[in-house]
Protein chains: 2
Amino acid sequence: MSNLGLVAISAPTAPCCPPVTAGALTATDAEVMAGMFKALGDPVRLRLFANVASADDGEACVCDIQDVGVSQPTVSHHLKKLREAGLLTSERRGSWVYYRVAPGVLDAMATMLSPTR
Amino acid sequence: MSNLGLVAISAPTAPCCPPVTAGALTATDAEVMAGMFKALGDPVRLRLFANVASADDGEACVCDIQDVGVSQPTVSHHLKKLREAGLLTSERRGSWVYYRVAPGVLDAMATMLSPTR
DNA sequence: ACCCAGATTCGACATGTGTCTATCTTGACA
DNA sequence: TGTCAAGATAGACACATGTCGAATCTGGGT
């Protein structure tokens, strides 16, 4: 009801996601945003995500992060969920697959939770 | 493995939650943190939460925020989930029940998503 | 005392989700 | 070409979750 004009310019990576403090959410915005929170709403996925997010070079091989207490297929399943939610990206190099946090994601989610400023 | 001593002093509101960029999470930390994300991981709940978080006086009556596309008992159910997750508090005044964002919650969650800096 | 409106709880039900074992795919290397 | 290891996929299954209608609870008026 208020913002017109300079909207599309600012957010290059994440196409969404106003702060929750900014006002009511549209159904579609809520869907997208909730999808991201939901992806981090499982302990195993959150640990995997943290393992990637805190990796030395910003990326981590699956083999280095899969020690989270579940079987290898389950790890793969959760990593897929995180990919589908747009939180992680993956790249195969040789025998290994490397995951990294999708660009802009941490900022986007932090923005959703930022006070109205 | 590293922090000893001055733990209990610092965090008065949220008893948890290091940044995901800070390193691997313990199973219990992951459980607590994921619980909060999970609570926001449903579109209806996220809309309710946003309605409360953006309310004028920091609080909102259920009757003012329940226009999120589901039945009234379902609204109540989701508000309960948000309460149980520690994200909202509620107080009855007369006929109405008012909800507000639990103190420190937005900061705590934003911290979890903050870059290591 | 009665009733009414706001809000929660209850019971039921369909759908979604996390987990596993087994199998398949992909690339490296002998 | 054959084999091995890293990961992904498939199928199955128990359990959690979102939703509703009906019943219940809680205060305020009349």
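Note on naming: letters A, B, ... go to the chains in the order of the sequence lines (proteins, then strands), and numbering restarts at 1 for each one.
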Whether R45(B) side chain and H78(B) backbone form a donor-acceptor pair below 3.5 Å: no

Whether T111(B) side chain and P19(B) backbone form a donor-acceptor pair below 3.5 Å: no

Interatomic distance where CD belongs to Q72(B) and C1' belongs to dA23(D) [whole Å]: 13 Å

Position toward the 5' end of DNA chain C (nearest nucleotide), R93(A) or R83(B): R83(B)

Sugar-phosphate only, base, or nothing, as touched by V44(A) at under 4.0 Å among non-hydrogen atoms: sugar-phosphate

Atom pair distance, as rounded to whole Å: CD in E84(B) and C1' in dT8(C): 12 Å

Y98(B) OH - dA7(C) P separation (whole Å): 8 Å

Donor-acceptor contact below 3.5 Å, side chain R92(A) vs main chain G94(A): yes

Gap between atoms CZ and P, on R45(A) and dT17(C) respectively (whole Å): 9 Å

D42(A) side chain, from C-beta outward: closest of dG18(C), dG18(D), dC20(C): dG18(C)

Touch class at under 4.0 angstrom, heavy-atom based, for H77(B) against every strand present: base

Touch class at under 4.0 angstrom, heavy-atom based, for T74(A) against every strand present: base

Interatomic distance where CD belongs to E91(A) and P belongs to dG7(D) [whole Å]: 14 Å

Side-chain N or O of H78(A) closer than 4.0 Å to phosphate OP1/OP2 of dT17(C): no

Main-chain N/O of V44(A) paired with D42(A) side-chain donor or acceptor, under 3.5 Å: yes

Nearest-neighbour nucleotide for the P73(B) side chain, dT26(C), dT9(D), dT9(C) considered: dT9(C)

Residue-phosphate contact under 4.0 Å: S76(A) side-chain N/O, dA8(D) OP1/OP2: yes

Sugar-phosphate only, base, or nothing, as touched by Y99(A) at under 4.0 Å among non-hydrogen atoms: sugar-phosphate

W96(B) CH2 to dG6(C) C1', straight-line distance once rounded to whole Å: 8 Å

Phosphate OP1/OP2 of dG18(C): any K81(A) side-chain N/O under 4.0 Å: yes

Whole-Å distance separating the CG atom of L48(B) from the P atom of dG18(D): 12 Å

Separation of dG18(D) C1' from K38(B) NZ (nearest whole Å): 12 Å

